[in-house]
Amino acid sequence: MSFNGSVELSNTPSTRPESHALRYGWVFWFMHRSPGEKIVDYEGAMKKIATFKTVEEFWAAYSHLRRPSDLPNISDYHLFKQGVRPVWEDAVNINGGKWIVRVKKGLASRYWESLVLAIIGDQFDVNDEICGAVLSIRGSEDIISVWNKTSSNGKINLKIRDTIKRHLNLPADTIMEYKTHNDALRDKSSFRNTDVFR
């Protein structure tokens with residue numbers, strides 16, 4: 001032990017730090033497009049940037065990601081369960097939807113980190129209902145969304161909404177929106193024509 005109180009470990013198996021497994025494996029994805037650019041192949045435009053299954057792997061990846069406040073406009077971070085593609089059409093997502101929170105510029109980094117930690121730390125207490133989350137950096141606002149797999153389960157959906165509010169410490173009067181992925185497919189829009197909740 002050194003004098004600063006930290007423990008120096010040798011590489012012997014009995015003293016090697018154990019890794020802390022997460023309940024699910026997760027994948028970070030990134031996408032950016034230039035203003036006016038149309039993306040024809042949405043899934044193909046996303047880049048897988050990290051996969052992790054333990055707390056230690058998460059921090060190793062997360063510490064190297066650019067903070068949301070440093071990302072250019074029209075950028076998206078996706079965090080999805082391993083094996084779930086971050087698109088509406090994925091078999092796990094297709095019958096689900098997403099909760100949407102629009103945030104003022106400058107707040108996304110703090111909110112995103114709180115949300116990511118709550119998701120990978122399994123804080124929603126809704127079994128395997130959470131599919132992932134998306135952070136969309138835009139010009140006038142940033143948008144955070146949490147995707148779940150069953151849009152028809154009102155009780156679970158409200159629990160997800162309330163958990164988001166609690167973990168992000170949102171004011172009680174924060175407007176939240178919900179949109180099913182089937183509606184998004186119909187109108188080809190992520191954030192228009194949503195159901196609004198106060």
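Note that the coordinates shown come from a computational prediction; the quantities given were computed from them, not determined experimentally. Residues: numbered from 1 along the sequence shown.
- With sequence neighbours excluded, no residue forms a ring pair (Phe, Tyr, Trp, His ring centres under 6.0 Å) with Phe124.
- Ring geometry for Trp112 versus Tyr77: interplanar angle under 30°, hence parallel rather than tilted (30 to 60°).
- A salt bridge links Arg102 with Glu141; the closest basic N to acidic carboxylate O contact falls under 4.0 Å.
- Formation of a donor-acceptor pair under 3.5 Å by the Asn157 side chain with backbone atoms of Ser151 is found in this model.
- Using a 30° and 60° split on the angle between ring planes, Trp147 and His181 fall in the tilted class, from 30° to 60°.
- Nearest heavy atoms, Ile137 versus Ala108: CD1-CB, 4.3 Å.
- Taking the ring centroids of Trp59 and Phe52, they lie at or beyond the 6.0 Å cut-off.
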Criterion side-chain contact (heavy atoms from CB on, under 4.5 Å) on His32 and Leu71, from CA distance to verdict: CA-CA 9 Å; His32 171 70; Leu71 293 176; over 6 Å; no

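- Annotation: the span from Trp99 atom CH2 to Arg161 atom CZ amounts to 5.0 Å, rounded to 0.5 Å.
- When side chains are defined from C-beta on, Tyr178 does not count as touching Val146, because their heavy atoms never get closer than 4.5 Å.
- When every heavy atom of Ser109 is checked against every heavy atom of Ser69, the shortest pair comes out as OG-N, 3.1 Å.
- Judged purely by distance below 3.5 Å, without hydrogens or angles, the side chains of Asp183 and Thr180 pair a donor atom with an acceptor atom.
- With a 6.0 Å cutoff to the six-membered ring centre and a 45° limit on the axis angle, Lys47 does not count as a cation-pi contact of Phe30.
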